[in-house]
Amino acid sequence: MPAPSWTPRLRRAQGPLYAAIADAIAADITRGKLHAGERLPTHRELAAVVGASIGTVTRAYAEAERRGLVRSQVGSGTFVRDLTDPASYSPLLDRSRIDLGPTAAPIVAGDLGHCALAAGLAGLAARADLGALAGYQAHGGSEAQRAAGARWLATTGVDADADEVTVCSGAQHATVLALAALADPAGVLVEELTYPGVLSAAGWLHLPTHPVALDEHGLVPDALARACRDSGARVLYCTPTHHNPTTAVMSKDRRLAIVAVCREYGVTIVENAALAPLVAAPPPPLVRLAPERTWHITSLSKATVPALRVGFLRAPATARRALESAAAATVWSGSPLLAEIAVQWIADGTATAIRDARRAEAAARQRLAADKLGRWQYRAHPTAYFLWLEIPPQRRALELVEQAHARDLLIGPSHVFAARPGNAPNAVRVSLGAARSRAELDRGLTILAELLDSPAWSALR
């Protein structure tokens with residue numbers, strides 16, 4: 001018999017053999033040893049290699065398929081799934097479907113954000129200095145824009161001088177700038193479930209990521225200390241307020257414990273607070289607890305309207321030149337037109353008024369979700385744009401995603417948030433804010449509830 005195309009490295013300190021084989025598949029996907037589309041050995045081939053029965057291998061492949069790692073095709077074999085395939089799980093708004101995938105503020109014709117944007121654009125068109133606003137601007141923003149950024153940061157409890165603020169083209173751009181300025185070949189510590197943008201940015205910068213365990217309160221301090229020792233990484237990227245995708249808000253005590261670990265190991269913190277404005281009266285941000293080692297990211301896109309791609313990165317003033325160089329290398333210059341709208345909205349209170357309206361709309365949508373999905377186990381915050389729905393262990397989350405897709409409903413599979421490819425939890429993220437109206441959201445949640453309540457699912461509740 002020819003040698004199989006893949007041989008698992010089994011670790012059976014505890015647990016059954018079939019689970020160890022599934023774990024080996026996940027581990028080799030993570031390491032890049034197994035690639036999307038690759039055919040795994042037949043049941044008979046693998047059974048001979050690992051010294052198991054064909055039934056054990058059959059159960060192992062079934063477990064791997066339940067986790068969303070592989071796909072079986074009758075008569076053809078078992079193949080590694082493409083966990084990054086964008087065809088079925090697009091992060092872009094698809095208006096031919098009900099899209100409950102992206103993290104986005106709801107844009108409803110006639111609401112405060114929509115009207116304010118229309119008025120802001122009309123006001124720019126009438127300005128005598130429109131020509132100046134149509135050109136390039138300073139790489140890290142003008143003095144007035146950086147001062148406005150400091151005022152916006154103050155609304156979330158962050159003290160910053162204008163010299164400490166870099167104007168960015170949204171929080172994702174700020175993420176790239178921070179990692180480019182801070183990280184070294186040892187890479188970046190990240191939450192084991194994290195904002196997909198940081199995984200993309202780290203990959204683009206060729207930086208390894210080191211996942212850190214989470215619990216219901218956020219990062220686990222002991223796990224962070226262990227990851228610091230094992231990886232040597234000295235940059236931590238995390239979202240302590242309104243965690244994406246679980247919506248968790250880290251307690252003050254947990255924040256203090258995380259800061260203590262970072263001080264012990266000399267770790268610089270990059271705090272993603274793009275969603276923090278949605279949470280009223282959260283615990284103090286990490287930058288207040290450890291200003292000497294925290295770079296803080298905020299944005300107007302999530303709190304006001306997505307098209308306002310203006311973010312602010314608070315970092316030590318000594319980093320300003322490096323950040324401006326990084327900004328020049330990535331976008332050269334942000335949009336002066338958008339930045340000017342941001343300055344005006346922050347100065348006249350429009351930004352905070354829209355933020356408050358967004359909180360109220362998010363709360364209404366969460367109540368709608370509770371009415372539709374309340375009998376299922378999920379995690380949410382009262383003013384979050386999304387919820388985290390855990391799937392019963394006997395079923396596969398990707399099966400639910402595919403069934404929803406077949407009915408023109410898009411929801412977020414957990415693997416896009418997993419820092420360890422192949423180790424995603426059996427869960428989905430359901431965005432409530434992306435729907436164009438509460439009526440559309442109601443239709444989408446009704447479809448989701450019908451899928452969950454189908455005979456194959458409801459028996460598992």
Is a side-chain N or O of [X] found less than 3.5 angstrom from the main chain of [Y], in a donor-acceptor match?
X	Y	value
E38	H35	yes
T383	L278	yes
R365	L441	no
E271	V287	yes
Q344	I341	no
S431	F386	no
T78	S72	no
E340	P336	no
H243	L219	no

Measure the shortest side-chain to side-chain distance between [X] and [Y] over non-hydrogen atoms and say whether it is less than 4.5 angstrom.
X	Y	answer
D356	R359	yes
R146	F312	no
R288	P283	no
V158	H296	yes
D215	R254	yes
L100	L448	no
W388	F417	yes
R358	K302	no

So which heavy atom on [X] is nearest to which on [Y], and how close?
X	Y	answer
L199	A418	CD1-O, 3.7 Å
Q172	A201	NE2-CB, 4.0 Å
P392	W376	CG-CZ3, 4.0 Å
W345	L117	CZ2-N, 3.6 Å
I411	P413	O-CD, 3.3 Å
Q366	A380	OE1-CB, 3.4 Å

In terms of side-chain geometry, is the basic nitrogen of [X] or [Y] positioned less than 4.0 Å from the acidic oxygen of its partner?
X	Y	value
R407	E450	yes
R420	E192	yes
E402	R81	yes
E216	R379	no

Inter-residue atom distance [X].[atom1] - [Y].[atom2], 0.5 Å rounding:
X	Y	atom1	atom2	value
L409	D99	CG	CG	8.5 Å
I447	D408	CD1	CG	7.5 Å
C115	I354	SG	CD1	9.5 Å
E264	L224	CD	CG	10.0 Å
T58	E63	OG1	CD	13.5 Å
I25	I21	CD1	CD1	7.5 Å

Is it true that the side chains of [X] and [Y] contain a donor and an acceptor less than 3.5 Å apart?
X	Y	answer
R309	S301	yes
T246	R429	no
D348	T350	yes

Heavy atoms from other residues, nucleotides or ligands near CZ of R59 exceed 12 (cutoff 6.0 Å)
no

More than 12 heavy atoms from other groups under 6.0 Å of CD on Q377
no

Could you go through the side chain to side chain contact (heavy atoms under 4.5 Å, CB included) check for L177 and C168 one step at a time?
CA-CA 9 Å; L177 297 189; C168 309; 3.8 Å; yes

Is there a side chain to side chain contact (heavy atoms under 4.5 Å, CB included) between D159 and L153? Walk through the geometry before answering.
CA-CA 7 Å; D159 295 326; L153 285 161; over 6 Å; no

Do I391 and L400 pass the side chain to side chain contact (heavy atoms under 4.5 Å, CB included) test, and can you show the C-alpha distance, the side-chain angles, and the key distance before you say yes or no?
CA-CA 9 Å; I391 305 302; L400 177 63; 3.6 Å; yes

Chi angles and distances behind the side chain to side chain contact (heavy atoms under 4.5 Å, CB included) call for L410, H405
CA-CA 5 Å; L410 302 183; H405 187 267; 3.2 Å; yes

Atom pairs and distances, side-chain donor-acceptor, residues 234-242, under 3.5 Å, sequence neighbours left out:
unit_1	atom_1	unit_2	atom_2	d
R234	NE	Y265	O	2.9
R234	NH1	C228	O	3.2
Y237	OH	T175	OG1	2.7
Y237	OH	N272	ND2	3.0
T241	OG1	R255	NH1	3.2
T241	OG1	R255	NH2	2.7

